[in-house]
Amino acid sequence: MAAELDIFTELPAAWRTNGISPSGVRALETVTILFPANFPTISPRALLRLDFDRNHPHLLSTPADLPPMPCIVQGLPSELIQSRGFEGYVDQLVDWLDKAAMLELNSVEHGWEPVRRNNIDDEMIADGAALRGLACPAGGGFVRRTRFLQLKKPGGAQYVRLVTVAGEQVAVEKAACTKQYVRDELWQGQGMMLVVAPADVDGAPRVIDQPVPETVSTVADLRDRAELYGCRRELEGKLDHIGLCLAQGTLTPAPLAIVFLVRRPFSVVGVGSDIELCSYVIDLEPNEDLLNGRGRVRLCAIREAISIALLRLASGDEVDFERPDWALLGCGSVGSKIALHAARRGLGPRIVADRSLLSPHNFARHALLPDDVDTGRVLESKAEALAVVLHRLTQPASAETEDLISLTETPEGRSRIAGGRLLLNTTASTLLREHLSFLDWESRPRIAEAHLLGAGVAAYASIEGADGNPNASDLAAEAYRLIAEDGELSGPVFSAKAEAVEIGQGCSSVTFAMPDDRLSTLSAGLGSVVAGWLKTEQEEGGQVVVGKLAQDGLSQSWRREEIERRIVLDGSCGHQVRISPRVDRLIRAEIASKPEVETGGVIVGRYSQIGNTFQVVDIMPAPPDSVFSAEKFTLGTIGLKASIRKLLKDSGRSMYPLGTWHNHLVESGPSTLDAQTAVRLSMRQYFPVLLLIALPGGYTCLTTETFQDRT
């Protein structure tokens, strides 16, 4: 069935008088719509008049004796009709004719539409950026090696798939073409690719701004197309050389790929470059076809080889961005997923470190699959296996398999894992975090963390400030405070009892039950956070990101907090005190509210045994029976025990009282009373006690530790 539509195009008034635009589109165009018998499952076809100018872009390839067909939608017209109705199809057709009249089918905003090709059987896998890089002012023909598979189908048709061999540019005589029969009309071997680039014109690149339909089917057609693209001389020089070698029997016949580098007025759609790759393939035979122009040429599609540029283009990321130098510590489930999320965006780590071996149960949640692992090896390292997959994504990484704490205890070991931009710890090991936080680095990398919390109900990520202030340990202490304040999150995180499941016999033969979809859901968010850190310059301070999964297992919410640099004091006995600026503001506000007397309260945070450091992240107000005077502050007791019990419960004992704070009205050091108080308090706990003294111009402190038998 067919129908005719009369479409009045929107021509400017100056053209409407003549009834036609300079581009050949008439004020009234009659379009024939052919409806197949199984419409609307199968798309209709729109036919323009037979003499419609075929040099417009977005035209489907049709023989010269058949009317041209506009390509009005990317994809199938039947899909458009199902989503927008037949009226939407007609609207697209009208819009196509209006843009054709104004020569706007190709525009800077949309991009240059590549030459339309139908019925492509062959394809080549190539690094498009590398091929475009061969364009040069002098032009030329460049021969590269390829590997190929060739399958001959019934009826004489065939399929050739070629893969370029990266960086292997050779002379024709040294191409070393081969062709071996495999089985069932299947051949494989080594062939050639000829990349042809035109020379500049008057010192400027040759730009081809005229779209033409694809008509190449013979070697003679190919030479004519090279003439159109301004590179006939470059093509014929190499083509005649290859043809002569074939005629003389000095070259093994094999598929020959030919790629023209055609520069367009603006960027080609979906490429990010103004150079279009127009590709063909010739199945060489030991004859003189290349010399006399009788050889058959087939259209060949180009598929981009895996490259950082391709991965970023497909991810919607900026292509021209140097791969960041960073290291991944921990190649388990979360670490492997973050690494591959990053690698698929061209941001893969350059160093992966983990001493563990892959075990069968790991594949319940690990990013790698059994096929990614060398099953012929009895012991497969997580780090080495991950490095292999990163290499396949064109992002090589070195693998470190030593114990991470032991490795970082020497300058040589630290230099092996200190990624220039970031050191990401995904092990969830508190011991490793504390060790890295207080390590004396020669050239300290920025340390970040990413792991799950509460048996997979939450995710945690952090990144240090400049020069390790705040450090990873400070950030963890701040995160505990933030989580404790979240009633929905504190329970699952601080009281989660993950159920251990047996995965074998012997020591360390248990893991925690968690489905891969849950782990992957939160790991994807962590991957996005890490990618953001890798792509942007960080502020002076640090950052904490916490994500939580709702009870439905689908909904997520994420909270990002900027963490300020710590106020650092040196205490007695080698202790260090690191105070949150938020705590400083709370203390100063309390002092301002009682200007004529000393005031104080309880300081809250954590004490790092490895760092020998107090981390002050919060305060508790003084009980109502506290005494405030100009001479001294005495901490009361009413309600204090209840407040401390609530703190310990809400934070799962991740935070606790570190000691007390009070202020002096004048600049002065700790008094005798302060020292006596510190000793008395230190006898009540198993770690040192901190007395923080706020002065008008800063802080001083007193730290005391009492060793005694408390049994």
Side-chain angles (χ1 to χ4, degrees), residues 327-345 347-349 352-375 377 379-390 392-393 397 399 401 404 424-430 432-433 448-461 489 492-493 496-531 545-556 558:
L328 173 72
L329 306 187
C331 302
S333 298
V334 174
S336 64
K337 289 182 187 293
I338 291 176
L340 291 189
H341 282 312
R344 289 188 171 104
R345 299 179 65 171
L347 303 170
V352 290
D354 198 315
R355 70 173 182 174
S356 303
L357 303 176
L358 277 166
S359 297
H361 74 276
N362 291 136
F363 295 110
R365 295 189 297 265
H366 205 275
L368 303 185
L369 299 174
D371 287 347
D372 298 320
V373 178
D374 184 359
T375 55
R377 296 177 56 181
L379 302 177
E380 182 69 19
S381 159
K382 288 181 180 178
E384 291 176 344
L386 182 58
V388 168
V389 174
L390 290 170
R392 292 172 185 168
L393 291 171
T401 58
L404 294 174
L424 179 66
N425 174 18
T426 66
T427 65
S429 167
T430 304
L432 180 60
R433 174 211 297 151
E449 283 197 288
H451 54 80
L452 300 190
L453 299 171
V457 300
Y460 169 76
L489 195 57
V493 169
K497 293 181 172 57
E499 183 180 354
V501 295
E502 297 290 337
I503 46 85
Q505 295 182 10
C507 297
S508 300
S509 60
V510 297
T511 188
F512 294 103
M514 184 193 312
D516 179 61
D517 52 5
R518 181 191 298 174
L519 183 138
S520 297
T521 295
L522 291 171
S523 295
L526 292 174
S528 180
V529 170
V530 172
V545 182
V546 177
K548 59 182 177 181
L549 200 60
Q551 290 184 353
D552 61 9
L554 299 173
S555 306
Q556 299 180 52
W558 291 79

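The model shown is predicted, which means the values in this text are computed figures rather than measured ones. For this chain, numbers begin at 1 and follow the sequence in order. Below, each value reflects all heavy atoms present in this structure, side chains not excepted, and no hydrogens, waters or symmetry copies.
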Legend entry - Taking every non-hydrogen atom, the tightest pair across Arg345 and Ala531: NH1-CB, 3.5 Å
Inset, instruction - Could you tell me the separation between the CG atom of Leu554 and the CZ atom of Arg518, rounded to the nearest 0.5 Å? - result: 11.0 Å
Legend entry - All salt bridge (charged side-chain N to carboxylate O under 4.0 Å, His left out) counterparts of Lys382, not counting sequence neighbours: none
Legend entry - Between CG on residue Leu522 and CH2 on residue Trp558, distance to nearest 0.5 Å: 5.5 Å
Inset, instruction - Search all heavy atoms of Ser333 against all heavy atoms of His366 and return the closest pair with its distance. - result: OG-N, 3.8 Å
Inset, instruction - Kindly compute the distance separating OG1 (Thr521) from CG (Asp516), expressed to the nearest 0.5 Å. - result: 8.5 Å
Inset, instruction - Identify the two heavy atoms, one from Gly335 and one from Leu328, that lie closest to each other, and give their separation to 0.1 Å. - result: O-CD2, 3.5 Å
Legend entry - Flag side-chain contact, heavy atom, 4.5 Å: Leu340 against Leu386: yes
Legend entry - Residues which pass side chain to side chain contact (heavy atoms under 4.5 Å, CB included) with Thr427, listed by chain and number, not counting sequence neighbours: Leu404, Asn425, Ser429, Leu432
Inset, instruction - Kindly say whether Ala383 contributes a backbone atom to a donor-acceptor pair with the side chain of Ser381 at under 3.5 angstrom? - result: yes
Inset, instruction - Enter the distance from Leu368:CG to Phe363:CZ here, rounded to the nearest 0.5 Å. - result: 7.0 Å
Legend entry - Nearest non-hydrogen partners of Ala397 and Pro349, listed with the distance: CB-O, 3.4 Å
Legend entry - Interatomic distance, Leu329 atom CG to Asp354 atom CG [nearest 0.5 angstrom]: 9.0 Å
Inset, instruction - Please tell me if the side chains of Thr426 and Lys337 come closer than 4.5 Å, counting only heavy atoms from C-beta onward. - result: no
Inset, instruction - Identify the heavy atoms of Ala343 and Leu390 that sit nearest to each other, and give their distance. - result: CB-CD2, 3.5 Å
Legend entry - Separation of Ile338 CD1 from Ser528 OG (nearest 0.5 Å): 11.0 Å
Legend entry - Validation row: His341, Val530 side chains within 4.5 angstrom (heavy atoms): no
Legend entry - Distance-minimising heavy-atom pair for Val352 and Cys331: CB-SG, 3.8 Å
